There are 2 protein chains.
Amino acid sequence: MNSHFSLAVHSLTLLAFQPDRAASSTFIAESASVHPVRIRKVLSLLKQHELIQSKEGAGGGFVLSRPPEAVTLWDVYQVTSKGTLQPRCPDENPDCSVGANMKHVLGSVFSDGEDVFGEHLDQFTIADMLKKCITN
Amino acid sequence: MNSHFSLAVHSLTLLAFQPDRAASSTFIAESASVHPVRIRKVLSLLKQHELIQSKEGAGGGFVLSRPPEAVTLWDVYQVTSKGTLQPRCPDENPDCSVGANMKHVLGSVFSDGEDVFGEHLDQFTIADMLKKCITN
DNA sequence: TATACTGTAATTATAAATATTACAGTTTTG
DNA sequence: CAAAACTGTAATATTTATAATTACAGTATA
């Protein structure tokens with residue numbers, strides 16, 4: 001699983017944690033121990049998919065555009081990581097009936113598997129994640 | 001998903017394809033378009049878990065130790081890729097209640113998710129994979 | 001108009017995956 | 001018995017993927 005997903009969930013959970021004020025990329029980056037530019041790239045994706053809003057300039061930053069109860073981990077996964085479950089396969093080898101088809105065959109198994117996995121992720125919201133973090 | 005998994009499935013399917021004779025690492029490597037040493041490493045794992053048997057020396061190679069109907073993709077996954085679904089998380093940050101717990105919280109969500117995904121993989125056997133490859 | 005931000009592109013550095021080389025040990029076969 | 005065809009594994013080199021860093025244009029605030 002790529003790290004965009006966990007950074008996205010981290011960021012959204014942090015925004016849910018302080019719903020009153022915008023969080024800057026620097027603030028989020030320090031919380032997640034990564035570089036601010038990396039956060040801005042991930043949040044750029046979330047913004048494109050309207051999970052957050054951003055405001056430029058002094059005092060700007062990021063806020064949620066939906067209540068945290070209305071955003072699931074599956075929503076986030078689809079934005080940041082769709083398709084990454086797929087196993088890496090070597091190039092197709094036309095000289096071998098196994099090598100020629102394995103990529104496609106495993107591809108369909110994992111594509112369905114991603115949907116199954118998605119149903120699991122869909123059970124958890126950002127609000128749930130915040131609750132789990134705080135009560136620990 | 002790491003590539004050990006797809007190489008393992010590829011190898012096992014190839015062994016199922018020619019049940020009569022042992023396959024050498026060179027033969028399998030050519031089918032999968034990768035280096036023989038890499039195949040030997042993956043097959044070493046499968047051997048440790050008794051999914052295959054190997055024979056050294058001239059005319060040696062690898063054979064299945066169970067019928068292909070009795071090996072599922074979940075069996076293979078557990079040997080080659082257990083835990084790889086887990087998203088990469090940055091180090092825990094004790095100064096932030098979100099940063100301090102996110103890794104653990106996501107960890108449990110993905111651990112359960114891996115089991116759900118496993119139930120999906122468990123529906124497919126190596127025999128199924130071979131059938132899918134051949135009828136394409 | 002200085003300051004604190006976002007947004008992005010380009011570059012550099014680091015880490016992970018993969019290939020390659022090397023060689024010891026094991027069977028088979030001529 | 002010796003050459004050939006294998007496995008097994010370690011060590012090294014290469015390639016690729018990730019991540020950090022730098023740079024800078026644009027925007028809102030005070």
Side-chain angles (χ1 to χ4, degrees), chain A residues 1-8 10-11 14-15 18 21-65 80-81 83-91 93, chain B residues 1-8 10-11 14-15 18 21-65 80-81 83-91 93:
Chain A
M1 172 75 38
N2 71 24
S3 70
H4 284 3
F5 175 79
S6 49
L7 285 180
H10 188 122
S11 301
L14 202 54
L15 298 190
Q18 51 162 49
R21 53 187 165 140
S24 73
S25 63
T26 300
F27 173 72
I28 301 170
E30 279 171 6
S31 159
S33 316
V34 300
H35 200 277
V37 172
R38 196 168 147 205
I39 292 292
R40 298 209 282 269
K41 277 180 193 159
V42 172
L43 295 198
S44 168
L45 272 175
L46 299 182
K47 186 186 176 185
Q48 282 170 46
H49 290 81
E50 300 180 325
L51 294 179
I52 59 173
Q53 295 178 336
S54 69
K55 195 180 159 196
E56 296 188 14
F62 303 88
V63 293
L64 295 177
S65 51
T80 62
S81 308
T84 58
L85 206 60
Q86 212 67 217
R88 292 198 196 161
C89 274
D91 294 335
N93 175 2
Chain B
M1 170 74 37
N2 70 26
S3 70
H4 283 5
F5 176 81
S6 51
L7 285 180
H10 187 121
S11 301
L14 202 55
L15 298 191
Q18 51 163 48
R21 52 186 164 143
S24 73
S25 62
T26 300
F27 174 72
I28 300 170
E30 279 171 6
S31 159
S33 315
V34 299
H35 199 278
V37 173
R38 196 168 149 204
I39 291 292
R40 297 209 283 268
K41 277 180 193 159
V42 172
L43 295 197
S44 168
L45 271 176
L46 298 182
K47 187 187 176 186
Q48 282 169 45
H49 290 81
E50 301 179 325
L51 294 179
I52 59 172
Q53 295 178 337
S54 70
K55 195 179 161 195
E56 297 188 12
F62 303 88
V63 294
L64 295 177
S65 50
T80 62
S81 309
T84 58
L85 207 59
Q86 211 65 219
R88 290 197 198 164
C89 274
D91 294 335
N93 175 2

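Order of the sequence lines sets the chain letters (A, B, ...), proteins ahead of strands, with each chain counted from 1. The shown structure was predicted, so the numbers you read here are calculated from the model rather than taken from an experiment.
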Legend entry - Between C1' of D:dT27 and CZ of A:Phe62, the distance in whole Å: 13 Å
Legend entry - B:Arg88 CZ to D:dT18 C1', straight-line distance once rounded to whole Å: 7 Å
Inset, instruction - Could you pull out all residues at least two apart from B:Ser6 that satisfy side chain to side chain donor-acceptor pair (under 3.5 Å)? - result: none
Legend entry - Interatomic distance, B:Met1 atom CE to B:Leu85 atom CG [nearest 0.5 angstrom]: 6.0 Å
Legend entry - Residue-phosphate contact under 4.0 Å: A:Thr26 side-chain N/O, C:dC5 OP1/OP2: no
Inset, instruction - Could you check A:Ser33 against B:Gly57 and say which one's nearest nucleotide on DNA chain D is further toward the 5' end? - result: B:Gly57
Legend entry - Heavy-atom pair of closest approach, residues A:Ser65 and A:Ile52: OG-N, 3.3 Å
Legend entry - Distance below 4.0 Å between A:Ser44 side-chain N/O and C:dT8 OP1 or OP2: yes
Legend entry - Non-hydrogen atoms of B:Ser3 and B:Arg38 that approach each other most closely: OG-NH2, 3.0 Å
Inset, instruction - Please list all pairs passing the side chain to side chain donor-acceptor pair (under 3.5 Å) test where one or both residues lie in residues 49-59 of chain A, with sequence neighbours left out. - result: A:Lys47-A:Ser54
Inset, instruction - Rounded to the nearest angstrom, tell me the gap between atom NE2 in A:His4 and atom P in D:dT18. - result: 9 Å
Legend entry - Sequence-distant partners of B:Ser25, side chain to side chain donor-acceptor pair (under 3.5 Å), two or more places apart: B:Arg40
What does the list of N/O pairs under 3.5 Å between the protein and nucleotides 21-24 of chain D look like, with a distance for each?
none

Legend entry - Trace of the side chain to side chain contact (heavy atoms under 4.5 Å, CB included) decision for B:Leu15 with B:Ile28: CA-CA 9 Å; B:Leu15 298 191; B:Ile28 300 170; 4.3 Å; yes
Legend entry - side chain to side chain donor-acceptor pair (under 3.5 Å) involving B:Arg21 - partner list, sequence neighbours excluded: B:Gln18
Inset, instruction - Give, ordered by number, those residues of residues 47-56 of chain B having at least one heavy-atom distance below 4.0 Å to an atom of DNA chain D; if nothing qualifies, reply none. - result: B:Lys47, B:Ser54, B:Lys55, B:Glu56
Inset, instruction - Round to the nearest Å and state the distance from A:Leu43 atom CG to C:dT8 atom P. - result: 12 Å
Legend entry - Whole angstrom value for the distance that separates P of D:dC6 from CD1 of B:Ile28: 12 Å
Inset, instruction - Mind calculating the distance between CG (B:Asp91) and P (C:dT14) to the nearest angstrom? - result: 16 Å
